Every structure is written in C-alpha cells, then in structure tokens.
Amino acid sequence: MSDASKSLRLYNTLTRSKEDFFPIDPRNVRMYVCGPTVYDFAHIGNARPVIVFDVLFRLLRHLYGQAQVTYVRNITDVDDKINARALRDFGDEIASGKLSLNEAIRRVTEKTAGQFHKDVAALGCLEPTVEPRATEFVEPRPDGKVDMIFLIQRLIERGHAYVAAGEVLFDTASMPDYGQLSKRNLDEQQAGARVAVDAHKKNPQDFVLWKLSSPEEPGWDSPWGRGRPGWHIECSAMSAAYLGEVFDIHGGGLDLIFPHHENEIAQSRCAHGTETMAKVWMHNGFLQVEGQKMSKSLGNFYSITELLETETFGGRKWPGEVLRLAMLMTHYREPIDFSVRKLEEALKIANDLITLGSQYPNGVRDTEFLRVLGDDLNTTEAIKYVQTLRNKIVHDVEGAFGSRLRFCLDVLGFEHQSIQSWTSKRAASAGVDIEQLRETINNRIAKRLALIAAKNWADADRIRDELLAQGIQLKDGKDPVTGERITTWEVKR
Ligand code: AMP
Ligand code: ZN
C-alpha cells in the first residue's frame, strides 16, 4: 500500500482537500470523465478536461501498469441541443421527407463525434479504454449491462423518484445528504429555484430522470411512455456499466459540479444503496481567451480544429503539441488564460524539448519526475523539471538525462516522433524559426566530434545512429583547405 514509487496525491472536490490516492483495486484502477455533447465542434475550453485527464490516464498507467487502468469517457448523443441542430442543418430534407429526424440527428452526431476524435488525437490524447454512447444505454441491452430505464425503475421502487406531469423526477428530499459535493445550502438552492417554480415538483431542486417526447421528437418506449432521458442519468448508467457501482476517480470541468455531478451522485448512490459513487472527484478550472470568457458574440470563440488548421488566432496555425503544452503549463485547477503570447511561449518550449527529446528513442523511468507530477497532477512543475533535464543535456556531454527526458515527455503525452514530423508541423505553422533545429543538430555534431577527438568511438557512433534513427544523416569529410575533420548533415528521404 505505501509503495513510495506509486505516490499520487489528488485534490478531491468531495472533501475539499488533497488526499493520498489508493485505488479500490490496484489491478483495475477505474476512472470516468464526462465527455462531449456532440452537437457542435469542440472548442479549446472543451479540450482542457480531455488533455488533463489524458495526462492522469497516462500517469496511472505508468504507476499501475498499462492493462490495469480502465478509463471511460462517454459521448452524449442525446440532447435537445442536438435535436435543434439537426432541425437547423437538415430542416429542408426533413420537411420534404428525404430524411427522418432520427437520421438527421445521426448525421449531426456522427460528424461531430468524428471531428472530436480527430481534434483530440491531434492534441496527443490517447483513446479512452471505452467510449460509450448515451443512446446505446437508454434501453435494456442484449449484454445485460446497466441501462438508464433500469436505473430509473430502481429509483422509483426504492422511493427516490416519482412520476408527475409526464416526467419522472428524482426526489431530492428522499436523500438526507443530497448536496454533499457542491455544498450548496438548501436556502441557496431554493432561492435559485424560486425564479422558475415548476408546480409539479415536490421540491424545487428535484430534477428530471425521464421526460415524454412529442411524436416529432426522438424517443424510446418506457414504462412511463415514449420519451427520452434527462441529462444526468446517462453517466450513472454508463459508469456503472463499465466501472461498477463504486469506482476510483470521476472527472470533468468545474461547471459540472452542480447540477450534473451532484445529481449523478444522487442517482447512483440511491439506486445502488452505496455510500459513495466515486472516491475522488476532480474538476478542471475554466479557460478564457485573452482575458475574456469565450463567447460567439465576443468573437473570441475558437474551436480546436480552427486553431489547428487555420490562421485565425495570432495569424498562424498552432501544432497540437503547442496547444497541449500551453494547456499543461497551468495547473489544472487554476483558471487559464489562452493568449497568443502564451502559445508563442509554449511553441518555443515545445520546440526545444521535442527536438531534443526525439533524439532519444528509449525512455528511462524517472521517479523524481513521477513524484513531481504525482502531487495533484502538477504539470506546471513537471514541465519545469523537464526543462532542468534539458539544461543538463545541453551542458553535459552525455549521461542518462536524454533517456529520462524521453520518458518524461512520453508521460506528458509528447510521444516519440521523428524530427521530420515535428519539423514539418512547425513549418506548417507560419513564421516558425527553423534555426533552432539547425542549432540542436549542430550541437549534437559538435559533441560527436569532441567524442571522436577523445577516441570515445562507442558514444560517437551512438550519436550518429540516434540522429540517423530520426532521419538525419551525417556525412564525414575533410575541409579541403585546412584538412580539418568536418561533418555535414542532411534529412534522409
Ligand atoms: P460540454 O460539451 O459543454 O458538456 O463540455 C464538455 C467538457 O468541457 C465539460 O467537462 C466542461 O466542463 C468542459 N468545459 C466547457 N467549457 C470549458 C472552458 N471554457 N474551460 C474549461 N473546461 C470547459
Ligand atoms: Zn457526466
């Protein structure tokens, strides 16, 4: 249990404190993160939880073993915003009978989910272990996994839900400790709810588990009539389906604490009769752009694909590695201001580290780095640590620092890639300084010449081979005038 090499501390929103992390079952560490609602392209704010929890996923895999971590991130493909988008984009086809609403909805969700996958892959995020879609968990399933209708039925049977005015509602008064996560007091909740009093609710904070659909709206048959699920029940169903009734970590953005996560907890605990849903609740802070809340009306709303593929922000395309590094330079719980200046700084650092790191094909575990990162996922300090390794490599002739740097970059999600692929991405990002790459290679050449002069052939050859593995071919020759040994390089095709 107290294995120091597995040291991980995480801030738990449930207890408002940093706690030592011990998985319920070290052979299967289980994490659930709320994924995107697929009605529009993901914006750079949506990228934050995906990147942050990707780092945690990678760290857990290094601490507990690759096969020992199960990461579930859902896709919300049922939502009234999706229906509205389908009507907007395919209104004519629907009106003329060319497409049914369901087909139009499917087109919207397929296209948006496909783009999301491309976006987050470009940001260096691994695929989660499972990525369930809400629409596949509404009705009882052939594989018998937990579904939403089953959970709602359970809640009614156990006295935690009631039917009123065509809706099934969760009865918050039936749960004495409702509100533990957000710690909102009852007065606040009632004052907030008084604005829009729903006469059919027993209590203003009671929330929808199921609502009826009109014939035009998408719906599923249920014991309460043809309808669709409320927003929160899907995550209770999909987490139980893949992770069980109680699991280790549940994550998402700060805005999800209330009502979404509070209500997930209420549903899951009351349906299963458990004390907790997840042991640790983690929330990332919000992202702003150039000091302002992102919004379409302010014109400072940027989708991930826009930042990657167009020159609308700061006049250049930003490689996914740069967006990722810029995100990780701020601790996940802090607010982050995305600005051109920040991206330019990240570009310099990314260039420096990736160009150097790509020369070392194999990583060597760096436990000090894991300790730094393991202090509540402190990516800010972890990146500073990697920069100190970088300085050691630049100033020492050799040593194991390069392989340690490689390891750290892998854990942070800057996976091994060739100099060419990084260079071409950089080149695509207009105005990038190519001189830095030359300088790095020339430094390696100088080091190799020094090793040759010291007759250390083995290390000299290693540098040559490492560069070759990265597609940089060295050519030895003699200066025709001075007769001195010189080395030139070219990119191997
Ligand atoms: P949504 O698709 O709106 O449900 O959001 C998906 C995820 O992105 C949730 O975890 C949100 O908390 C998160 N999110 C949305 N906007 C931002 C933002 N500006 N900064 C950080 N996270 C955000
Ligand atoms: Zn959720």
Side-chain angles (χ1 to χ4, degrees), residues 13 31-54 56 71-82 85 108-109 112-113 115-117 119-120 123 125 128 130-134 137 148 151 181-182 207 209 229-243 247 249-268 277-278 281-296 298 300-304 307 323-324 326-328 330-339 342:
T13 307
M31 170 162 83
Y32 186 93
V33 175
C34 298
T37 304
V38 284
Y39 69 100
D40 202 354
F41 288 177
H43 58 66
I44 188 63
N46 299 138
R48 194 170 191 196
V50 183
I51 294 173
V52 162
F53 290 103
D54 179 66
L56 182 56
Y71 172 25
V72 180
R73 189 185 62 215
N74 69 296
I75 286 189
T76 300
D77 58 353
V78 47
D79 188 284
D80 289 352
K81 286 189 282 247
I82 300 175
R85 178 55 66 106
V108 171
T109 58
T112 317
Q115 185 66 47
F116 175 76
H117 288 141
D119 291 347
V120 299
L123 296 174
C125 299
V130 205
E131 196 178 46
R133 290 172 186 236
F137 284 81
M148 299 184 221
L151 278 184
L181 182 72
S182 57
F207 57 91
L209 300 171
W231 172 28
H232 316 298
I233 194 74
E234 60 172 271
C235 290
S236 287
M238 291 182 280
S239 61
Y242 288 104
L243 303 176
F247 53 94
I249 299 171
H250 193 313
L254 211 57
D255 57 322
L256 298 184
I257 295 177
F258 189 88
H260 185 53
H261 289 167
E262 194 72 84
N263 293 348
E264 275 188 40
I265 292 175
Q267 296 163 160
S268 294
M277 176 183 183
W281 287 79
M282 294 176 66
H283 295 96
N284 63 270
F286 250 49
L287 172 146
Q288 294 197 321
V289 173
E290 301 286 359
Q292 281 183 307
K293 187 176 175 214
M294 239 196 313
S295 87
K296 288 200 168 137
L298 285 174
N300 66 346
F301 189 96
Y302 295 97
S303 65
I304 301 171
L307 294 171
L323 299 175
R324 183 179 180 98
M327 205 69 93
L328 296 177
T330 303
H331 187 262
Y332 77 92
R333 286 200 283 128
E334 300 289 326
I336 177 170
D337 186 25
F338 234 60
S339 62
K342 186 176 206 85

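Everything numeric in this text was worked out from a predicted model, so none of it was measured. One-based numbering, in listed order, for ligands and for the atoms of each.
- Between the Arg48 side chain and the Gly285 main chain, a donor and an acceptor come within less than 3.5 Å of each other.
- Smallest separation of non-hydrogen atoms from Gly45 and Met294: N-CE, 3.6 Å.
- A side chain to side chain contact (heavy atoms under 4.5 Å, CB included) with Thr112 holds for exactly one of Asp77, Ile82, Val38; it is Val38.
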Go through the steps to decide whether Met282 and Leu56 satisfy the test side chain to side chain contact (heavy atoms under 4.5 Å, CB included), and finish with yes or no.
CA-CA 11 Å; Met282 294 176 66; Leu56 182 56; 3.7 Å; yes
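- Between Gly253 and His283, the closest heavy-atom pair is O-CD2, 3.5 Å.
- Among all protein heavy atoms, the one lying closest to atom 4 (O) of ligand 1 is Thr37 OG1, 3.9 Å.
- Counting the atoms of ligand 1 from 1 in the order shown, those under 4.0 Å from a heavy atom of Asn284 are 21 (C), 22 (N).
- Closest to atom 16 (N) of ligand 1 among all protein heavy atoms lies His43 CE1, 3.3 Å.
- Near Gly285, meaning under 4.0 Å from any of its heavy atoms, are these atoms of ligand 1: 21 (C).
- For atom 10 (O) of ligand 1, the closest non-hydrogen atom of the protein is Gly253 N, 3.1 Å.
- No side-chain donor-acceptor contact under 3.5 Å links Asn74 to the backbone of Pro132.
- For the residue pair Glu264 and His232, the shortest heavy atom distance occurs at CG-O, 3.8 Å.
- Both the backbone and the side chain of Leu287 come within contact range of ligand 1, each with a heavy atom under 4.0 Å.
- Looking at atom 9 (C) of ligand 1, its nearest protein heavy atom turns out to be Leu256 CD1, 3.8 Å.
- Between Cys34 and Leu256 the shortest heavy-atom distance is CB-CD1, 3.8 Å.
- The distance cut-off of 2.8 Å around the Zn ion (ligand 2) captures these protein N, O or S atoms, sorted by chain and number: Cys34 SG, Cys235 SG, His260 NE2, Glu264 OE2.
- Ranking protein heavy atoms by distance to atom 6 (C) of ligand 1, first place goes to Asn46 ND2, 3.6 Å.
- No donor-acceptor distance shorter than 3.5 angstrom exists from the side chain of Arg133 to the backbone of Ile75, with no hydrogens or angles considered.
- Under 4.0 angstrom from ligand 1, there are no non-hydrogen atoms of Val33.
- Considering all non-hydrogen atoms of both residues, Met277 and Ser239 come closest at CE-OG, 3.4 Å.
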Can Phe53 and Tyr71 be said to form a side chain to side chain contact (heavy atoms under 4.5 Å, CB included), step by step?
CA-CA 9 Å; Phe53 290 103; Tyr71 172 25; 3.9 Å; yes
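- Ranking the protein heavy atoms by distance from atom 13 (C) of ligand 1 puts Pro49 CG, 3.8 Å first.
- No salt bridge links Lys342 with Asp337; every basic N to acidic carboxylate O contact stays at or beyond 4.0 Å.
- Residue, atom and distance of the protein heavy atom nearest to atom 17 (C) of ligand 1 are Phe286 CZ, 3.4 Å.
- Nearest non-hydrogen protein atom to atom 11 (C) of ligand 1 is Asp255 OD1, 3.5 Å.
- Distances between N or O atoms of Gly35 and those of ligand 1 include no value under 3.5 Å.
- Nearest heavy atom pair, residue Ala241 against residue Phe137, reads CB-CE2, 3.6 Å.
- Looking at ligand 1, you won't find any N or O of Met294 less than 3.5 Å from one of its N or O atoms.
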